[in-house]
Amino acid sequence: MIGLRGGITIAIVLILCSALAFIGWGAERAAQRTIAPEILAKANTVARSAADLLGRAGTVGVPFDRLVGVSDYFQNLRAANPEFAQISLVSAAGAELARAGDAAGFADAPQARIPVADPSGRRLGDVVIVVDPTAVTAQVGAVLVDVAFIGIVSLLVALELVALVVGSRGIGALMAVERRLKALGRGVLARQEGNPGAAGTLVGPIDRQVNALAERHAEIRAAAEARGDAAALARLGDLETRTGLGRVQAAESEAAIAVRPALFLFMLAEELTRPFLPRFAQTIAGSGAFSPDFAASLPIVAFMAVVALCQVPFAGISERLGRRPGFVIGALLAATGYGLSAVSPSYGLFVGARVATAVGYALVFVSSQGHVVDFSAGAARSAALAVFVRAIMVASLCGPPIGGVIADRLGAPSAFMASAGLALVALVVALLTLPKTVRRAGAGAGVGLADLKGAARAPGLMALLFGCAFPAKFLFAALCFLLVPLELQRLGYSSAAIGRFQMIYPIIMVLAVPFFAAMADRFDARGSFVVAGAVVSGFGAMAMVLNPSIAFIVVALVALGYGQAMSIASQSALVADTAAALGGGRAAGVLGLFRLVERSGNAAGPASAGFLMATIGFAAATTLIGTVVVAGAALFALSGLRTAHHPRRASSAAASEGSSA
Amino acid sequence: MARTTLGLIAVFALIAAACVAFGAYFSYVTLLNAHRSVIEARFGIAAERVADVAEQAASLGIALPAQSTLTSLLDREARVEPAIRSMDLADERGIVLFSSDPARLGIAEAQDGGRGLTRPVRNDLNEVVGHVVVRYDPQILAAGAAALGNDLKVIALPALIGAGVATIVIGLLLAALLRRAVRRAADPGAWPPAARAALAAAERVHNEVAGKSRSGKSPPGKSPSGKSARGPAESRRRA
């Protein structure tokens with residue numbers, strides 16, 4: 001039985017896919033009607049300019065039919081305008097005097113024909129430009145790819161909003177009904193825990209049947225126990241196992257994943273800033289003391305460094321404050337930071353505002369993670385952490401394109417204000433959805449320096465952390481947060497387009513992580529997957545040396561996505577295995593060290609990238625960072641891939657780590 | 001309960017409609033950006049040509065303010081495209097040195113406030129020594145934006161309404177199915193097959209164990225509701 005909630009979620013997916021496909025079709029028609037004529041208008045402009053130049057040749061006495069170098073001139077024009085299939089000069093009698101390109105296959109292609117006249121106005125011939133219809137289709141197709149990205153974002157936002165509604169307490173009665181029907185559908189005759197509330201009259205008959213059955217079962221069991229009938233007790237026990245009879249089925253614990261909508265909204269606030277932040281930082285820095293690349297990287301580095309440094313101490317603070325207050329204070333701090341970023345009159349204040357945002361971000365992250373851990377246990381914890389990670393990944397998918405569009409349309413300060421608004425909405429949602437937690441006055445010892453030192457002595461751990469975990473985050477943060485946005489900006493791409501490029505990595509991660517985690521489990525080759533992933537992402541970045549073009553930027557992002565998808569779950573699993581092998585308090589030290597090293601990679605990546613880009617340029621910087629990643633993987637491989645080992649863990653460990661900051 | 005269900009369906013319909021509106025708006029922005037880049041590529045050709053000439057002259061040692069023949073070039077390039085309002089060559093501080101519109105000479109581009117397309121002019125050391133600025137008729141962009149807006153409105157409104165209505169219809173259908181399932185679940189004879197099988201198994205075991213306790217006889221079983229126990233096949237027949 002799917003139920004109302006599940007059914008309507010599937011229905012919304014189907015309805016939105018259909019509606020967005022319809023809009024895509026409309027967008028294609030609109031693009032054909034507006035973009036295609038503009039390309040023809042461009043052909044007319046070029047033809048007019050060429051005709052004007054050729055007409056002026058007559059004023060200096062060069063006969064029209066003896067002009068030289070016209071084909072070369074046309075060839076240059078075609079090189080600058082690849083959407084022109086052919087440019088030709090024809091005489092008034094119809095003879096072709098010069099030509100570049102070949103439009104033989106384009107019989108009905110649109111063409112611009114502009115007359116060439118001498119100073120007296122006498123027509124000497126025509127400049128004819130044939131527009132390549134496939135180039136027009138390609139341009140419209142590129143627009144449609146962008147529209148498809150928008151469709152994916154809309155769908156994901158819709159699903160998160162559905163999850164927000166479904167997770168609210170207002171539909172408890174409906175959930176009580178669905179829980180009972182689902183149990184019957186599975187042949188479970190257990191009593192259902194909790195008060196059905198407004199659904200009491202609806203579910204009363206079901207509960208009465210199940211209760212009567214349970215009472216009879218209890219009587220018969222008591223009688224069998226009284227006479228010591230072991231065979232009867234065994235049969236009754238078997239019946240209980242098969243049907244749940246006589247047991248009470250706990251209500252599905254939604255508490256652990258109640259943080260999902262608030263976390264999604266909060267993470268979305270930060271992800272909005274990704275595409276325009278480097279450019280905004282450069283603008284606000286002006287032509288001051290810093291180079292443009294350093295000015296772009298400093299706020300990112302400051303943010304990442306503060307997040308890295310705060311994570312470990314904030315674990316204890318969040319526990320002492322309580323998860324909900326921790327989330328609320330963090331969100332308030334971050335919202336203030338975004339607001340200050342929007343109105344910062346100086347670069348220094350802007351960096352300060354980003355630091356305040358980072359403190360809030362770290363507190364929200366730690367409090368959310370703590371909430372999930374507090375309200376889940378065993379296998380349910382992995383599932384709850386998977387939901388937690390999914391919220392972050394979906395936010396990192398949806399945020400950049402939305403932030404880019406807001407920045408393009410309304411300006412970067414407005415986009416920062418949108419982030420501030422979203423952080424405040426997340427705060428309100430957290431207040432409404434997160435349960436009140438008890439503050440633990442004695443808690444908060446957290447992970448200390450001694451724990452980290454102890455963890456560093458775990459066999460093979462440092463090779464894994466510094467050979468793979470650190471370089472992976474180093475490359476990710478350098479490429480996605482600084483190098484690619486700045487290079488795309490240099491190539492003339494808008495913030496919205498940069499945001500769509502930034503979607504490539506999280507899309508691949510969302511789709512490929514479960515697959516590679518399962519493969520690593522199946523082949524029991526987690527160390528190999530970590531090395532292979534690092535090599536794939538490293539070589540993807542190194543390929544930039546071949547041709548620093550848009551195609552190779554896409555190659556680097558795709559390789560980064562697949563490489564990280566291959567390695568991230570296995571890497572987490574290896575660390576978790578090491579922690580489990582050490583046991584006791586030292587396990588927390590291993591995990592704390594892992595997080596610290598990863599987050600340090602996030603901070604060091606943009607810092608180094610900013611410096612390298614200013615000194616050796618985009619292509620060389622990307623290649624060099626890719627080389628570092630491959631070298632790190634080689635170091636780990638040469639260390640013998642030695643870490644503690646528990647089979648079949650990667651898929652569950654995938655839930656323990658996100659890929660964002 | 002009914003109010004909760006209807007409220008939930010209404011909220012889901014709003015979400016569906018809002019996300020369609022969101023998708024349509026962002027598609028509109030995407031098309032608008034594509035349209036603007038095609039238009040700017042069109043006007044950019046003239047700007048590139050003037051910048052090329054200025055750079056060639058600069059490489060021969062002629063400083064930008066001394067390239068007086070640029071006025072006629074700017075005038076000619078501006079006349080090529082009727083939508084161009086003016087073409088300026090400004091120095092690195094943004095002061096207009098030459099222009100197709102004589103009234104613009106000497107003014108600062110930054111103070112002008114108008115929107116234009118800019119191409120840098122660089123010297124042999126790759127330093128920016130000036131800018132070519134093309135000012136085109138903003139009506140071209142506005143007309144394109146209006147056409148795109150109208151095109152997408154025609155598509156988006158029905159899609160938005162359709163998505164909302166479809167969500168409501170499917171929601172009501174699912175709610176009706178749920179209510180029917182709840183009604184049927186009140187009678188064990190109409191339970192789903194898995195539940196009926198579990199019930200039959202439970203009654204069989206109960207009867208056997210209870211019968212054994214009454215000197216090894218197996219009396220006919222009674223269900224908790226007082227009805228006789230039925231196997232799944234019998235229940236299915238009854239259903």
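Just so it is clear, the structure is predicted and the values come from calculations on it, not from any experiment. Quick note on labels: first sequence line is chain A, next is B, and so on, each numbered from 1.
- A donor-acceptor contact closer than 3.5 angstrom is absent between the side chains of B:His131 and B:Glu92.
- Contacts between A:Asp238 and chain B at a heavy-atom distance below 4.5 Å are absent for every atom of the residue.
- Residue contact with chain B, scored on non-hydrogen atoms closer than 4.5 Å, involves the side chain of A:Arg500 exclusively.
- Residues A:Val153 and A:Leu156 are not in side-chain contact: their nearest non-hydrogen atoms beyond the backbone lie 4.5 Å or more apart.
- Contact check on B:Arg122 versus B:Glu127 returns no salt bridge, with no Lys/Arg side-chain nitrogen under 4.0 Å from an Asp/Glu carboxylate oxygen.
- Across B:Gly144, B:Ala41, B:Ala156, B:Ala147, the residue that shares the most heavy-atom pairs under 4.5 angstrom with chain A is B:Ala41.
- Of the atoms belonging to A:Leu245, it is side-chain heavy atoms, and not backbone ones, that fall under 4.5 Å from chain B.
- Using a cut-off of 4.0 Å between Lys/Arg side-chain N and Asp/Glu carboxylate O, A:Arg221 and A:Glu225 are scored as salt-bridged.
- Under the 4.0 Å criterion applied to side-chain N and carboxylate O atoms, B:Arg76 and A:Asp52 are assigned as salt-bridge partners.
- In this structure, B:Phe43 and B:Tyr136 have parallel ring planes: the angle between them is below the 30° cut-off, well short of the 60° mark.
- Only the side chain of A:Leu20 comes within contact range of chain B, with heavy atoms under 4.5 Å apart.
- Note on A:Ala31, A:Ala41, A:Pro401, A:Ser154: by heavy-atom pairs under 4.5 Å with chain B, the leading option is A:Ser154.
- Between the CG atom of A:Asn81 and the NZ atom of A:Lys42 there is a distance of 4.0 Å, given to the nearest 0.5 Å.
- Only the side chain of B:Leu32 comes within contact range of chain A, with heavy atoms under 4.5 Å apart.
- Counting heavy-atom pairs closer than 4.5 Å to chain B, the top residue among A:Ala51, A:Ala30, A:Pro205 is A:Ala30.
- Within the 4.5 angstrom heavy-atom criterion, only backbone atoms of A:Arg186 (N, CA, C, O) approach chain B.
- For the ring-ring contact (aromatic ring centres under 6.0 Å, His included) condition, the pairs that include at least one residue of residues 10-34 of chain A, sequence neighbours left out, are A:Phe22-A:Trp25.
- Only the side chain of B:Val11 has a heavy atom closer than 4.5 Å to any heavy atom of chain A.
- Between the CD1 atom of B:Ile168 and the CD1 atom of A:Ile15 there is a distance of 10.0 Å, given to the nearest 0.5 Å.
- For the atom pair B:His35 NE2 and B:Glu40 CD, the distance stands at 11.0 Å (nearest 0.5 Å).
- Chosen from B:Gly7, B:Ala166, B:Ala83, the residue pairing most often with chain A at heavy-atom distances under 4.5 Å is B:Ala166.
- Only the side chain of B:Glu77 comes within less than 4.5 Å of a heavy atom of chain A; its backbone N, CA, C and O stay farther away.
- Ranked by heavy-atom pairs shorter than 4.5 Å toward chain A, the options B:Ser37, B:Pro158, B:Ala16, B:Ser27 are led by B:Ser27.
- Side-chain contact between B:Trp191 and A:Leu189 is present, with heavy atoms from C-beta onward closer than 4.5 Å.
- Note: B:Ile155 leads B:Asn150, B:Leu160, B:Ile155 in heavy-atom pairs under 4.5 Å with chain A.
- Within the 4.5 angstrom heavy-atom criterion, atoms from both the backbone and the side chain of B:Val20 approach chain A.
- Interface residue A:Leu184: backbone and side-chain heavy atoms are both found under 4.5 Å from chain B.
- If you measure heavy-atom distances from A:Leu16 to chain B, the contacts under 4.5 Å come from the side chain alone.
- The contact between A:Asp408 and chain B is made entirely by side chain atoms (from C-beta outward), counting heavy-atom distances below 4.5 Å.
- Summarising the geometry of A:Gln32 relative to A:Pro37, their closest heavy-atom pair is O-CD, 3.5 Å, with the distance given to 0.1 Å.
- For the options B:Thr167, B:Val154, B:Leu173, B:Leu177, heavy-atom pairs under 4.5 Å to chain A are most numerous at B:Thr167.
- The residue among A:Arg56, A:Glu83, A:Glu240 with the most heavy atom pairs within less than 4.5 Å of chain B is A:Arg56.
- Residues A:Phe84 and A:Val46 are in side-chain contact: their nearest non-hydrogen atoms beyond the backbone lie under 4.5 Å apart.
- Contact of B:Arg79 with chain A is not made at all, since no heavy-atom distance falls under 4.5 Å.
- Contacts of A:Ile402 with chain B are made by both backbone and side-chain atoms, with heavy-atom separations under 4.5 Å.
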